[in-house]
Each structure stands twice: as C-alpha cells, then as structure tokens.
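Working notes for the structure below.
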Amino acid sequence: MRVITTIQDMQTEILKLKSQSKSIGFVPTMGFLHEGHLTLLKRAREDNEIVVLSIFVNPLQFGPTEDFSTYPRDFERDQSLAECEGVDYLFYPSAKEMYPHSSSVSVIVQERTDVLCGKSRPGHFNGVATVLTKLFNIVLPTRAYFGKKDAQQVAVVEGLITDFNFPIELIPVDIVREEDGLAKSSRNVNLLPDERRQAVVLFKSLTTAKETIEGGERNPRAIKNVISNLIGSESNGEIDYVEIYSYPQLKALDYLEGTCILAIAVKFSKVRLIDNIILEVSHEFGGVK
Ligand code: PAF
C-alpha cells in the first residue's frame, strides 16, 4: 500500500492506472476507521482491480459549534487497518493541500438538505459535495462506496453524481451494527458508558416502528410517536429528529407507501448519533420489506 499526501502525486498515479484501463474503487472517509468502513473497503476490493481509500477530516462540512477539533483521529491505526484490507493507495492530504486558499468556487446542494441532518447542520452537505467533487476529480473512480447509515448523504451524492455527470457508479452499502444493534460509527467512542448502554434504543425504536408498520399502521405521525416514546422512556438522550420521508427524494409523506426512510438523530452529552432503516411499504396490510 502506498500512502500519498499530495494531489499531484495521486493524480499522476491515477492517470497511469487509467491508461492501463484499471477499475478503481474509491472509499472516501474521515478516518478513525471502524467495521462499517472496512465493509466498504471489502466491497471495493471485491469489485475493483485498484482500491483507493482517502482519509481527510474535511473542515468545510463542520459547523462552527461542531466537533471538528474533537473528531477522533488515529492515522497509524487506520494505516494498518487499510493495509489489512488490501488497499492499494491511501490518499491522506492535509487541509492546506486540499484548500490552499479560500475557495473561489464551491458546490451548493439545492435539494434534500433542508431535512434530517441537513436541517440542523446548515452548509454541511455543501461541504460534503465540495470535497467529494474535488476527491472525485483527483481519484477518478470507477465506483464510489458509501454507507447507508448516512442515508441522506447517499441521496445527496446520488444527486451530485447525476447532476454533474461524474462517470462513477455509486454503491450504497448496508449499515454495519454492533451485536446489540447500535450502528457502528467513529463517534461511538465519545459515548459515556451509561450512554453506550442506552444507545441501543435507537435501533430498537426503529425495529419496533417496523413491526408497527407490519401490523398495518401507515400513518407517519403514529409511527414517529412510537419511536419518540421508546427513545424518551429508555434513554436520557435528547431527540434531535424522528422523521419519515420518501427515499431517496426525502419528501414528507401523509401515508406510508413505496420506499420510505425512518430516520432518527439523538444527542447524548458529547455526541449526536444517527440511525435509519429504509423500507419498501406496500399498500396492503403487513407488506413491508
Ligand atoms: O462520510 C464521510 O465520512 C464524509 O462525509 C465524506 C464522504 C468522507 C466527505 O468528507
């Protein structure tokens, strides 16, 4: 595995690979790799001749009061994990390398951002779309891999790839969970021990909601209440949102039908956790996939 820190070296290497018609699988991350990332890397390894992992904690996607400085970082550990997953190139640029001067152009995401995490994180998805535009242009991937845990990010990236005509296949990969159901996240290490125990209620509330839908309930408000009541009774976490939308359009629904996302965000003392499930809901009683 080669670690590359400059854009020029990365582009030179990629152009060589492209001239040999190699397929390139790309996994963009902010590091502190966990099993969710490793699953993306495994998928990329299976599907492509070359695997590129980027590690860059992107300042543009953090708001002024968010956890940019405390975002967990451990490059040496990430490097050995990447090595074990058979990564060919680890792109690890500095902020100065990625943003040598204040940007003269940035990407503004017009749709799907005023809901879920986008609502409480103004500008976040513009930062994500801007850095991904740069990374896609540097890495020129054949396929790019994203976890469905950030389902809104997947929806936004789908829009970015389509609208800007990137010749990239987007591969959304299922959420990886701890044994007790908690979705894996780099941020879980910032949970206090008692909060870690309480955090299981996130997935529990989503599966209970799914069972309620299987039982025939199609009213989004009733389903949101099931989720909120369970989180409220089994944790001290503060609910940021409990939402149900069509997916990937992220439009509000009066009645559950078609592909829907049930998404939640809960704030604990030092960390805010998100989780979701995406369901195919049919009109008939019980029809849920
Ligand atoms: O999901 C992430 O870790 C980041 O949003 C991404 C896609 C690497 C862009 O900085």
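Atom set for the values below is all heavy atoms of this structure, side chains included, hydrogens, waters and symmetry mates excluded. Keep in mind that this is a model prediction, so the values were computed, not measured. Each ligand, and each atom within it, is numbered from 1 in the order the structure gives.
Contacts of F136 classified as ring pair (Phe, Tyr, Trp, His ring centres under 6.0 Å), with partners at least two apart in sequence or in another chain: F166. For Y71, the ring pair (Phe, Tyr, Trp, His ring centres under 6.0 Å) criterion is met by F62, not counting sequence neighbours. For D78, the salt bridge (Lys or Arg N to Asp or Glu O under 4.0 Å) test picks out no residue, with sequence neighbours left out.
Near ligand 1, residues P28, T29, M30, N58, Q61, V128, V131, F146, Q153 each place a heavy atom inside the 4.0 Å sphere around the ligand atoms.
A salt bridge links D180 with R196: the distance from a Lys NZ or Arg NE/NH1/NH2 to an Asp or Glu carboxylate oxygen falls below 4.0 Å.
Annotation: cation-pi pair R45/F26 absent, no NZ/CZ under 6.0 Å from the ring centroid and within 45° of its normal. Cation-pi geometry between R2 and F91 is not met at under 6.0 angstrom from the ring centre and within 45 degrees of the axis.
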